[in-house]
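All remarks here apply to the structure that follows.
A, B, ... follow the sequence lines: proteins, then strands. Residue 1 opens every chain. What you see is a predicted model; the values in this text were computed from it and never measured.
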Amino acid sequence: MSNNQAFSLLCSMNTEQNEKRISLIIADWYEQHKRDLPWRQTRDPYKIWLSEIILQQTRVDQGLSYYLRFISSYPDVFSLARAGEDEVLKLWQGLGYYSRARNMYKTASEIVSVHKGVFPGDYKSLLRLKGIGPYTAAAIASFSYDQAYPVVDGNVIRVLSRIFNVDLAIYSSQAETLFNELAWALLDKENPARHNQAMMEFGALQCKPGQPDCINCPLRELCLASSLGLVDKRPVRKPSLIRKKRCFNYLCLSDGRHTWLQQRKNKDIWQNLWEFPLFETTALLEWPAMMTTLPELLSNRSEHSDRTELLSDGSESADYLNNKASLSSVHNFNHILSHQHIQARFFTVLIPEDLKTLPPEWTKLELRNIDKLAVSRLTEIYLENHLNELDFNSNRIIR
DNA sequence: AAAGCGGGGCA
DNA sequence: TGCCCAGCTTT
């Protein structure tokens, strides 16, 4: 059995009979084993959509509390659209893949302004919305509108690749085509909603990635990979990508009552989230180097008049800061993303209240309002442990 | 077609 | 540690 002979095999066997058998077995299994999840209690396309966006590349266990909070804060698409992107990002904080939140907000606005608050009922129209791809469009179309489209997500791919022993590397375009064909072949067009839920639940609970429960599997005898002893070789993954190493040096300033933050605007991780002024370097900086780099940083910013007169000379500003500012603490963190390894160093620096030479793009913020802004998990962890060091009163000065 | 995009749980 | 998760967008 090689490559995409799986589909031809499926067709050459007693085809329709077999397809129906498989999906019926999975549907039966589903009725016995399904979890009670809140988005299964509704057909409201808004709630279905919200749950699907949250669950993209995210485990149910991780997304569940976010779903409940979002539904509670924004019970309908109008309330979500009325919120600002900043507010949505704040509620999304910690969930990752923040483009989902930005796209979700954009789509909510569009649903209200273009579609009068009603989600489109057909697959093609759903597909045109930001953040909705083939999977999510099929999910909404089937769960909310009973349209016969099969969902093809990580769970379904795993289930199909094992039943039909597909040895194509998943996420190749060939494999994508094959998995779509197989998913269409199995689809129960009489009950696409239950079928899709069943396929995913079966993948999540029975046909698991790590230790699939083949002993008790109702498809044991129909499963090609199981018959061939290849379950643990399916699906065939692509080689994992290399993690890029980056060094982030953060300058955490405080005058006792305020701090200064920037919003990330580049096409990079954490777009539109807030963070302390950042120096990215090839190796982490020590404090003296960080200090001497500051004037460079300050002079590189725009030629703002009220600053250049005070900072006409770089070394002068270094001295200025050196005299006025005091390093309070240094904290290091390793932060792992799926595609990056970030070494982060936070310099906590206390400055006098009358320091007026900071770059204008550093937004001054009262310390007590710092939890109003959306920050990365990395910055959140720093704040959880060391926010108190930004306060003069609860602080000892090291230097 | 391939790269880029988070964070957490688990063996 | 490496793998993988109810994927999509951009290049």
Side-chain angles (χ1 to χ4, degrees), chain A residues 34-35 37-40 47-67 89 92-104 106-107 126-140 142-143 149-159 161 169-177 179 183 193 196-205 207-212 232 234-244 246 264 266-273 333-342 374-381:
Chain A
K34 64 181 171 187
R35 290 168 290 183
L37 299 171
W39 45 86
R40 290 191 179 144
K47 292 180 178 172
I48 299 295
W49 166 69
L50 186 55
S51 73
E52 295 304 339
I53 302 296
I54 286 175
L55 291 171
Q56 284 168 8
Q57 292 289 280
T58 303
R59 292 174 204 284
V60 167
D61 293 336
Q62 192 188 0
L64 180 57
S65 66
Y66 283 87
Y67 172 79
L89 276 175
W92 196 272
Q93 179 175 309
L95 196 52
Y97 284 160
Y98 296 91
S99 64
R100 291 184 291 168
R102 298 191 302 270
N103 289 334
M104 186 175 82
K106 186 180 168 74
T107 289
L126 288 165
L127 211 45
R128 286 189 215 108
L129 298 167
K130 271 287 188 193
I132 296 183
Y135 164 77
T136 305
I140 299 173
S142 62
F143 299 154
Y149 287 87
V151 293
V152 182
D153 74 331
N155 290 309
V156 174
I157 286 174
R158 184 170 54 257
V159 172
S161 73
I170 60 176
Y171 304 128
S172 66
S173 53
Q174 269 190 79
E176 193 182 325
T177 304
F179 286 126
N196 283 336
Q197 291 284 1
M199 291 292 290
M200 291 193 286
E201 193 78 333
F202 187 77
L205 300 183
C207 197
K208 293 177 291 188
Q211 305 278 328
D232 59 335
R234 303 288 178 265
V236 177
R237 299 281 170 187
K238 279 191 168 177
S240 58
L241 41 91
I242 309 297
R243 251 196 273 275
K244 186 180 161 190
R246 301 176 75 175
R264 293 180 67 90
N266 298 332
K267 290 191 173 180
D268 196 355
I269 56 172
W270 303 328
Q271 192 178 120
N272 289 7
L273 271 58
F333 296 89
N334 276 314
H335 194 70
I336 311 290
L337 307 180
S338 51
H339 45 295
Q340 298 185 19
H341 182 157
I342 297 169
V375 299
S376 69
R377 186 71 184 115
L378 171 62
T379 295
E380 188 183 10
I381 290 172

Give a yes or no answer on whether the side chain of A/Arg100 reaches the backbone of A/Tyr97 with a donor-acceptor pair at less than 3.5 Å.
-> yes

For nucleotides B/dG9 and C/dC8, find the distance between their C1' atoms and express it as a whole number of Å.
-> 23 Å

May I ask you to say what A/Leu378 touches in the nucleic acid, namely base, sugar-phosphate or nothing, with a heavy-atom cut-off under 4.0 Å?
-> nothing

Could you tell me the separation between the CG atom of A/Leu337 and the P atom of B/dC5, rounded to a whole number of Å?
-> 9 Å

Please name all residues satisfying side-chain contact (heavy atoms from CB on, under 4.5 Å) with A/Leu127, sequence neighbours left out, ordered by chain then number.
-> A/Tyr123, A/Pro134, A/Ala137

Using the P atom on both, measure C/dT11 against B/dG6 and round to a whole Å.
-> 15 Å

Salt bridge (Lys or Arg N to Asp or Glu O under 4.0 Å) partners for A/Glu380, two or more places apart = A/Arg377

B/dC5 versus C/dC5 - spacing of their C1' atoms, nearest Å | 14 Å

Could you state the CZ-P distance from A/Arg377 to B/dG7, rounded to the nearest angstrom?
-> 8 Å

Among all residues two or more places apart in sequence or in another chain, which pass the salt bridge (Lys or Arg N to Asp or Glu O under 4.0 Å) test with A/Arg128?
-> none

Contacts of A/Tyr98 meeting side-chain contact (heavy atoms from CB on, under 4.5 Å) (sequence neighbours excluded), chain-then-number -> A/Leu89, A/Trp92, A/Arg102, A/Trp270, A/Leu273

Residue-phosphate contact under 4.0 Å: A/Ser173 side-chain N/O, B/dA1 OP1/OP2 = yes

When rounded to whole Å, the CG to P distance for the pair A/Asn272 and B/dC5 reads 14 Å

Could you pull out the protein-nucleic contacts involving nucleotides 9-11 of chain B (nitrogen or oxygen on both sides, under 3.5 Å)?
none

Under the salt bridge (Lys or Arg N to Asp or Glu O under 4.0 Å) test, which residues partner A/Arg246, sequence neighbours left out?
-> A/Asp268, A/Glu280

Just checking A/Arg102: base, sugar-phosphate only, or nothing, at a heavy-atom cut-off of under 4.0 Å?
-> nothing

For A/Lys34, what residues pass the salt bridge (Lys or Arg N to Asp or Glu O under 4.0 Å) criterion, not counting sequence neighbours?
-> A/Glu31

Could I get the full list of ring pair (Phe, Tyr, Trp, His ring centres under 6.0 Å) partners for A/Tyr171, not counting sequence neighbours?
-> none

Who passes side-chain contact (heavy atoms from CB on, under 4.5 Å) against A/Asn334, sequence neighbours left out?
-> A/His341, A/Gln343

Look at all strands and tell whether A/Ile54 reaches a base, only sugar-phosphate, or nothing, counting heavy atoms closer than 4.0 Å.
-> nothing

So do the side chains of A/Leu55 and A/Trp39 get within less than 4.5 Å of each other, counting heavy atoms only?
-> yes

Using a 4.0 Å heavy-atom cut-off across all strands, classify A/Gly210 as base, sugar-phosphate, or nothing.
-> nothing

CD1 of A/Ile342 versus C1' of B/dC5: gap in Å, rounded?
-> 11 Å

Results of side-chain contact (heavy atoms from CB on, under 4.5 Å) for A/Asn155 - residues two or more places apart only = A/Asp153, A/Arg158, A/Met200, A/Ala204

Set out, line by line, the N/O atom pairs under 3.5 Å between protein and nucleotides 2-4 of chain B.
none

A/Glu176 atom CD, over 12 foreign heavy atoms within 6.0 Å | no

If you measure from the P atom in C/dA6 to the same atom in B/dA11, how many Å do you get, rounded?
-> 15 Å

With heavy atoms under 4.0 Å as the rule, sort A/Gly94 into base, sugar-phosphate or nothing.
-> sugar-phosphate

Donor-acceptor pair (no angle test) under 3.5 Å: A/Thr58 side chain, B/dG6 base = yes

Given atom CH2 of A/Trp270 and atom C1' of B/dC5, what is their separation to the nearest angstrom?
-> 12 Å

Nucleotide interval of DNA chain C bounded by contacts with chain A (heavy-atom cut-off, under 4.0 Å) | C/dC3 to C/dT11

